[in-house]
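Take a look at the structure set out below.
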Amino acid sequence: NCTTGTTSKLCFPSSFMFGVATASYQIEGAWNVSGKGENIWDRYTHTRPERIFDHGTGDVAADSYHQFRQDVRLLKELGVRFYRFSMSWSRILPTGLTNEVNPDGIRYYKELIEELHKNGIEPLVTMYHWDLPQPLQDLGGWTNPVIADYFVDYAKVLLDNFGDRVKFWLTFNEPLSFCHDGYGGSDAPGDRATGMEDYLCGHTVLRAHAAVYRMFQRDYNHRITDLMGITLDMAWIEPASTSAEDKEAAEITRQFFFGWFAHPIFSKQGDYPPVMRKRIDEMSKRQNFTRSRLPHFTKEEVEMLRGACDFLGLNHYTTYLAKRVQRPLSPIPSFDDDMGVQLSQKADWPKSNSTWLKVVPWGLRKTLNWIKGTYGNPPVFITENGISLEPGLRDPRRINYIDGYLRALHAALTKDKCNVYGYTYWSLIDNFEWTRGYSERFGLYEVDYSSKQRVRTARQSAEYYSSVATTKCLPDKVSGYKL
Ligand code: PNW
């Protein structure tokens with residue numbers, strides 16, 4: 001806390017970094033322009049429009065492929081220290097493989113990075129934010145172990161081309177989301193098998209992450225400021241009651257949702273969380289499978305994964321309640337049955353425009369403390385936190401959301417001594433929200449989808465966030481913005 005005059009303000013350390021995030025498929029558009037190849041979200045939105053709430057596609061999105069200088073202007077206006085964006089694999093490698101490198105793809109990201117540097121903004125680059133090249137999906141996508149090798153090849157192209165100008169890298173964004181929802185739910189590629197393909201996806205992704213991190217360590221991080229992490233999402237999971245069963249259910253959920261990817265990398269022991277191993281092995285046996293549906297790492301792979309990260313990227317939006325459920329044995333595998341938990345949210349938690357997103361700021365503080373306790377206080381960078389609301393420039397509820405979560409973060413930092421180095425608001429601008437299409441708006445800037453240029457206009461929250469990012473202090477009260 002720093003004291004100014006008579007009021008005590010909540011301030012972050014001067015080294016603390018504030019930024020904003022986007023992702024390639026959600027903002028770039030230009031889906032078939034300048035040599036870009038087709039990816040799984042192009043294919044999915046074009047062939048299964050009924051799967052997308054408003055039948056939207058990322059064909060044009062916010063047109064950031066053409067409007068990126070405009071985006072950088074907004075970043076400058078906000079006064080943020082860094083910009084988290086992702087690179088589109090098929091824009092750089094149209095076939096997904098290195099037989100063909102698209103010069104326009106390389107040029108686009110070089111220009112974006114140069115524009116950022118000219119404006120004093122640090123790039124934080126996500127290598128993979130869900131847009132797998134379609135030719136790789138045709139080989140089975142992330143369920144095929146060979147995709148890990150192709151990801152290493154792609155990562156090498158990125159590090160060779162941009163490694164000298166990008167210091168902060170993230171290999172993957174939210175493997176839980178794209179493995180569980182993509183290979184076991186309703187995200188692209190779609191129509192896959194839960195309890196089977198989601199685990200195969202996770203296995204390939206973890207192996208790919210370790211291989212890229214080790215390559216980075218060996219050949220690329222010549223400057224000590226070069227860092228590579230992975231972004232995992234963790235909603236806080238609170239027991240639905242004080243019963244021992246529900247407490248256990250909450251911990252099982254944390255391990256299935258977060259430990260699945262965090263335990264192999266950040267725990268002392270390495271490998272999958274023991275509770276996941278045990279439950280999936282047992283359930284597989286009861287379902288008469290010869291082998292567990294959860295694959296095994298070799299000893300070498302366990303070692304390669306253990307500690308394969310300079311920092312943990314954390315996406316956090318909301319909280320769920322966990323209750324133990326005993327379902328009758330189903331012969332059909334499913335991640336949910338393996339986990340055996342029923343999730344819900346409290347009716348009186350403030351809502352957003354996304355069904356899954358309720359406003360529960362204390363959940364962030366608990367999440368950070370759980371990570372600290374479980375993995376020995378690793379360096380954490382919050383890579384996403386945000387809220388969707390109805391269109392409009394007056395968005396006091398967004399200001400309230402950010403303010404609430406930043407207060408919880410401040411307490412975790414100063415009172416609980418959690419190791420957090422930065423905070424990223426999702427998102428800079430409104431964008432294509434996957435299966436929710438354009439119906440959910442997370443932007444500090446509103447995008448006018450009816451205009452050809454996809455005109456961006458600041459919301460009130462942009463002004464609020466800019467003041468936080470530049471002063472590193474929270475205003476005394478946010479009541480100036482009427483709810
Ligand atoms: C994030 N949860 O995914 C994605 O990284 C972004 O691309 C996306 O735009 C953003 O959410 C907003 O929807 C999440 O269940 C998936 O808590 C699931 C959860 C949170 C974020």
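Ligands are counted one by one from 1 in listed order, and the atoms in each one are counted from 1 as well.
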Geometric class of the H129/W426 ring pair [parallel <30°, tilted 30-60°, perpendicular >60°]: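 Judged by the thresholds at 30° and 60°, the geometry between W426 and H129 is parallel.
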Hey, is ligand 1 close enough to [X] that some N/O pair sits below 3.5 Å?
X    : answer
N431 : no
W356 : no
N173 : yes
H129 : yes
S177 : no

Looking only at heavy atoms, is any part of [X] under 4.0 Å from ligand 1, and if so is it the side chain, the backbone, or both, or is it neither?
X    : result
Y320 : side chain
Q26  : side chain
E433 : side chain

Single hit among Y421, F82, Y423, F168 for ring pair (Phe, Tyr, Trp, His ring centres under 6.0 Å) with F381: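 Exactly one option meets the ring pair (Phe, Tyr, Trp, His ring centres under 6.0 Å) with F381, and it is F82.
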Closest protein heavy atom to atom 10 (C) of ligand 1, given as residue, atom name and distance to 0.1 Å: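 Checking every protein heavy atom, the shortest distance to atom 10 (C) of ligand 1 gives Y317 OH, 3.3 Å.
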Atom 14 (C) of ligand 1: the protein heavy-atom neighbour that sits closest, reported with distance to 0.1 Å: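 Result: E174 OE1, 3.1 Å.
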CG on N377 to CG on L312, rounded to 0.5 Å: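 Reported to 0.5 Å precision, the distance equals 11.0 Å.
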Backbone N/O of R454 and side chain of R456: donor-acceptor pair under 3.5 Å: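 Checked: pair present.
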Where ligand 1 meets W434 - atom numbers and elements under 4.0 angstrom, heavy-atom basis: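 Once the distances to W434 are compared, the set is 6 (C), 7 (O), 8 (C), 9 (O).
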For N315, atoms of ligand 1 separated by under 4.0 Å from a heavy atom: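 In order of numbering, the contacting atoms are 5 (O).
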Nearest neighbour of atom 4 (C) of ligand 1 from the list H180, M234, E384, on a heavy-atom basis: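 Among H180, M234, E384, the closest heavy atom to atom 4 (C) of ligand 1 comes from E384.
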Sole candidate of K366, K372, R365 that passes side chain to side chain donor-acceptor pair (under 3.5 Å) when paired with D416: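 In the set K366, K372, R365, the residue that makes a side chain to side chain donor-acceptor pair (under 3.5 Å) with D416 is R365.
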